Q: 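Before I ask anything, let me first share the structure, which is written out below as structure tokens.
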Amino acid sequence: MNTLHLYNTLNKTLEPFTSIAPKHVGIYVCGPTVYGPPHLGHVRGPIVFDVLRRYLILQGYKVRFVRNITDVGHLVGDADEGEDKLAKQAKVEQLEPMEVAQTYTDAYNSVMDRINVMKPSIEPRATGHIIEQIEMIQTIIEKGLAYEVNGSVYFDVMAYSQQSHYGVLSGRVLEDLQAGAGNQSRSLEGQDEKRNPNDFALWKRASAEHIMQWSSPWGKGFPGWHIECSAMSARYLGEHFDIHGGGMDLLFPHHECEIAQSTAAHDRAPAKYWIHHNMITINGQKMAKSLGNGIMVEQLFKGEHPLLSQAFGPMTLRFFVLQAHYRGTLDFSNDALLAAQKGWQRMQSAFQLVSNLPTVNEGATLDVADVFSSIVSSLNDDLNTPQAIASFFELSRRINLVNDGKETITAETKTSMQQLIQDYCKGVLGLIPEDAGAGDGLSDAMDIILSLRGQAKADKNWALSDQIRDALKEKGFEIKDGKEGTTWNKL
RNA sequence: GGUCGGAUGGCCGAGUGGCUAGGCACGGGUCUGCAAAACCCUUUACAGCGGUUCGAAUCCGCUUCCGACCUCCA
């Protein structure tokens, strides 16, 4: 494919991407609810949309990337129905809700930094946009598409569906929703206030013990579960913007409600493209607290989890995520992670060889034009990163062949190789070499150790040289003796 | 129950009418003090049963199994 195509959930088709405004793209991605430490499920979406953003930037677009922090709302399931998730956690920990939110926002962002996800252009918080949300609710009420009951405001789905299609995104039909088996046992608070079971809250009246609450035209309360994204995306990207992203689990009701609210308030659909990534599984099973198979990102980085045999670095994680297409499920397992780690290391060490590759003026035996075009067309095909990575392995193979003197390249081919690595691997995929100890003197210290070991080798003191190699390996440093000298890397 | 996805070799994971993706693991080899790396060779899979077709992992039907969502979730 010659141009970027994306699968638009709205139309269930692959569509060529064209921006609403020339050379500018607005992206809104649903961010985390910050009430717990980041787990593996938190990592996929950000990486996927980071690649999309980086690819658009490479193509010359100016991208405004908005990813919110949800620090209010969302009800707790289980026995604590109706209670605010953040408030609940706060009671447990005896902390201010905002303190909890801050702690986990920091934890989340620290993970984002480590896996090389670019910071959002704007990272708005729900609690910082109560006014915008209230104003939007008022607009919807004025249009006759929401109603107030006992200090709560509900979106009138039936009234809305008279003029617009409720269910455009999820393909859900109102009649089917009414049947809604499976959840009948869950009696939700305020259900009897609604005119119709499908109506959803825009604003909820807060009980006295509810910690997070704000004044509103309808009394003290807090915003509903979907309105924040509508209000903040409109504020920062406009009423109609390019791309809205999120996990498939948010498709219904969250995104469906967003579309309904925004359309009600602004008389137009909010986003042109809706992009949804699939979920992750652990050893083929859904990751869930009840199954006891949840893995926190920190546990992965430290190797501290019963399902993991060792620690896996941030780039291994990123590489692993990109080795699967974003719309398929991604299965985490120790074996799969080990495979990803090995593959990523091999690719990395090949890439390190490029700058020293010899070139010839004529009679070169290979080039990389085909690799270049296949990487570009893979990315254009709905961000097919696994295919792009396969091509990067082909590039690695060719680099190694040239390095071994079995094939030759021109200087132009070498430049192409460098461009591919710089612009596409580092730039778009965001896969950067994990530099072990740059700037902290580790590299210098290692040079000293390795030169001493080189001396031992020259003396044929194999016992000593092997001892040094083994000891370093135990500490996570791998030593490789090549023809051009000894190299090392951090495992 | 409703809606929507899946099932690919030992593991992960692309592809989607004819041309054995790729990674990891396994086995053999070259190289090497040994190891690692690198390179070469090797391993022909698409849940089952029917159908369409010159040809199907790819299209259609049925069956089995798995999963997601259906007002907590990334």
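What you see is a predicted model, and the numbers here were worked out from it, not measured in a lab. Values below: every heavy atom of this structure, side chains too, minus hydrogens, waters and symmetry copies. Letters go in sequence order (proteins before strands), and every chain restarts at 1.
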Q: Please determine if a side-chain N or O atom of A:Ser170 lies less than 4.0 Å away from the OP1 or OP2 oxygen of B:rC69.
A: no

Q: I'd like the P distance from B:rA25 over to B:rC11, given in whole Å.
A: 15 Å

Q: Do A:Phe65 and A:Val29 have side-chain heavy atoms sitting under 4.5 Å apart?
A: yes

Q: Among B:rG13, B:rA74, B:rG33, find the nucleotide with the atom closest to the side chain of A:Arg453.
A: B:rG33

Q: Applying ring pair (Phe, Tyr, Trp, His ring centres under 6.0 Å), can you list everything that pairs with A:Tyr273, at least two apart in sequence or on another chain?
A: A:Phe17

Q: Could you state the atom-to-atom distance from CD of A:Gln467 to P of B:rG33 in whole Å?
A: 21 Å

Q: Step through the shown structure and confirm whether more than 12 heavy atoms of other residues, nucleotides or ligands are within 6.0 Å of CG on A:Asp459.
A: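 It does: A:Asp459 CG has more than 12 such atoms within range.
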
Q: Between B:rG33 and B:rG28, how far apart are the two C1' atoms, rounded to whole Å?
A: 23 Å

Q: When rounded to the nearest Å, what value does the distance between C1' atoms of B:rA47 and B:rC31 take?
A: 44 Å

Q: Is there a donor and acceptor pair closer than 3.5 Å between the side chain of A:Arg44 and the base of B:rA74?
A: no

Q: Measure the distance from CZ on A:Arg469 to P on B:rA37 and round it to the nearest whole Å.
A: 11 Å

Q: What is the separation between atom CG on A:Asp331 and atom P on B:rA7, rounded to the nearest whole Å?
A: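 Roughly 13 Å, once rounded to whole Å.
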
Q: In whole angstrom, what separates A:Lys480's NZ from B:rU32's P?
A: 19 Å

Q: Rounded to whole Å, how long is the line connecting atom NE2 of A:His325 with atom P of B:rU16?
A: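 It is 11 Å, rounded to the nearest whole Å.
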
Q: For A:Gly41, which contact category applies under a 4.0 Å heavy-atom criterion: base, sugar-phosphate, or nothing?
A: base

Q: What's the closest nucleotide to the A:Phe320 side chain, out of B:rG33, B:rC39, B:rC12?
A: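 Output: B:rC12.
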
Q: Indicate the ring-plane relationship of A:Trp274 and A:His276, choosing parallel, tilted or perpendicular according to the 30° and 60° boundaries.
A: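 Answer is parallel, since the angle falls under 30°.
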
Q: Taking only residues two or more places apart in sequence or in another chain, which ones pass ring pair (Phe, Tyr, Trp, His ring centres under 6.0 Å) with A:Tyr326?
A: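 Ring pair (Phe, Tyr, Trp, His ring centres under 6.0 Å) list for A:Tyr326, sorted by chain: empty.
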
Q: Taking any heavy-atom pair under 4.0 Å as a contact, classify A:Leu330: base, sugar-phosphate, or nothing.
A: sugar-phosphate

Q: Relative to each other, are the rings of A:His244 and A:Tyr28 parallel, tilted or perpendicular (30° and 60° limits)?
A: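 The rings of A:His244 and A:Tyr28 sit tilted, inter-plane angle from 30° to 60°.
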
Q: Is the phosphate of B:rA14 approached by A:Asn384 (side-chain N or O, under 4.0 Å from OP1 or OP2)?
A: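 Looking at the OP1 and OP2 atoms of B:rA14, neither is under 4.0 Å from any side-chain N or O of A:Asn384.
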
Q: Going 5' to 3' along nucleotides 17-25 of chain B, which nucleotides have protein heavy atoms under 4.0 Å from the base (write B), which only from the sugar-phosphate (write S), and which from neither (write -)?
A: ----BSBSS

Q: Choose from B:rC11, B:rA74, B:rC34 the nucleotide whose nearest atom is closest to any side-chain atom of A:Ile280.
A: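 The closest nucleotide is B:rA74.
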
Q: For B:rA21 versus B:rC26, give the span between their P atoms, rounded off to a whole number of Å.
A: 22 Å

Q: Need one value for A:Asn400: base, sugar-phosphate or nothing, where a base atom within 4.0 Å counts as base even if backbone is also close, heavy atoms only.
A: sugar-phosphate

Q: Under 4.0 Å between any heavy atoms, over every strand shown, what does A:Ser465 touch: base, sugar-phosphate, or nothing? Just pick one.
A: base

Q: Can you work out whether A:Leu401 or A:Tyr326 has the more 5'-proximal nearest nucleotide on RNA chain B?
A: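 By nearest-heavy-atom nucleotide position, the 5'-most residue is A:Tyr326.
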
Q: Does any pair with a residue in residues 323-342 of chain A pass salt bridge (Lys or Arg N to Asp or Glu O under 4.0 Å), and if so which ones, sequence neighbours excluded?
A: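 Found A:Arg327-A:Asp382.
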
Q: If we take the P atom in both B:rG27 and B:rC65, what is their distance in whole Å?
A: 38 Å

Q: When the C1' atoms of B:rC59 and B:rU16 are compared, how many Å lie between them, rounded to an integer?
A: 10 Å

Q: Without decimals, in angstroms, what is the distance between A:Leu40 CG and B:rA74 P?
A: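 Result: 13 Å.
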
Q: Just the rounded figure in Å: distance from P of B:rG6 to NE2 of A:His277.
A: 17 Å

Q: Might you point out which heavy atoms bring A:Thr385 and A:Leu379 nearest each other, and give the distance in Å?
A: CG2-CD2, 4.3 Å

Q: Identify, between A:Met347 and A:Met248, the residue whose nearest nucleotide on RNA chain B lies closer to the 5' end.
A: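 Its nearest nucleotide lies further toward 5', so the answer is A:Met347.
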
Q: Which heavy atom in A:Leu6 sits nearest to a heavy atom in A:Leu4, and how many Å separate them?
A: CD2-CD1, 4.0 Å

Q: Can you tell me, in whole Å, how much space there is between the P of B:rA57 and that of B:rG9?
A: 14 Å

Q: State which residues pass salt bridge (Lys or Arg N to Asp or Glu O under 4.0 Å) with A:Glu256; sequence neighbours excluded, sorted by chain then number.
A: none

Q: Rounded to the nearest angstrom, tell me the gap between atom CG in A:Leu251 and atom P in B:rC73.
A: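 Going from CG in A:Leu251 over to P in B:rC73 covers 13 Å.
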
Q: Distance to the ring centre below 6.0 angstrom and angle to the axis at most 45 degrees; does that hold for A:Arg67 and A:Phe49?
A: no

Q: Please lay out, stage by stage, how A:Phe392 and A:Tyr424 fare under the test ring-ring contact (aromatic ring centres under 6.0 Å, His included).
A: CA-CA 10 Å; A:Phe392 275 116; A:Tyr424 288 87; 7.5 Å; no

Q: Counting Watson-Crick and G-U wobble pairs with both distances under 3.5 Å, what is the dot-bracket string for RNA chain B, 5' to 3', using [ ] for crossing pairs and | for pairs to another strand?
A: (((((((..(((.....[...)))..((((.......)))).....(((((..]....))))))))))))....

Q: Which value, in whole Å, describes the distance between the C1' atoms of nucleotides B:rG15 and B:rG2?
A: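 Between the two C1' atoms, the distance is 32 Å.
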
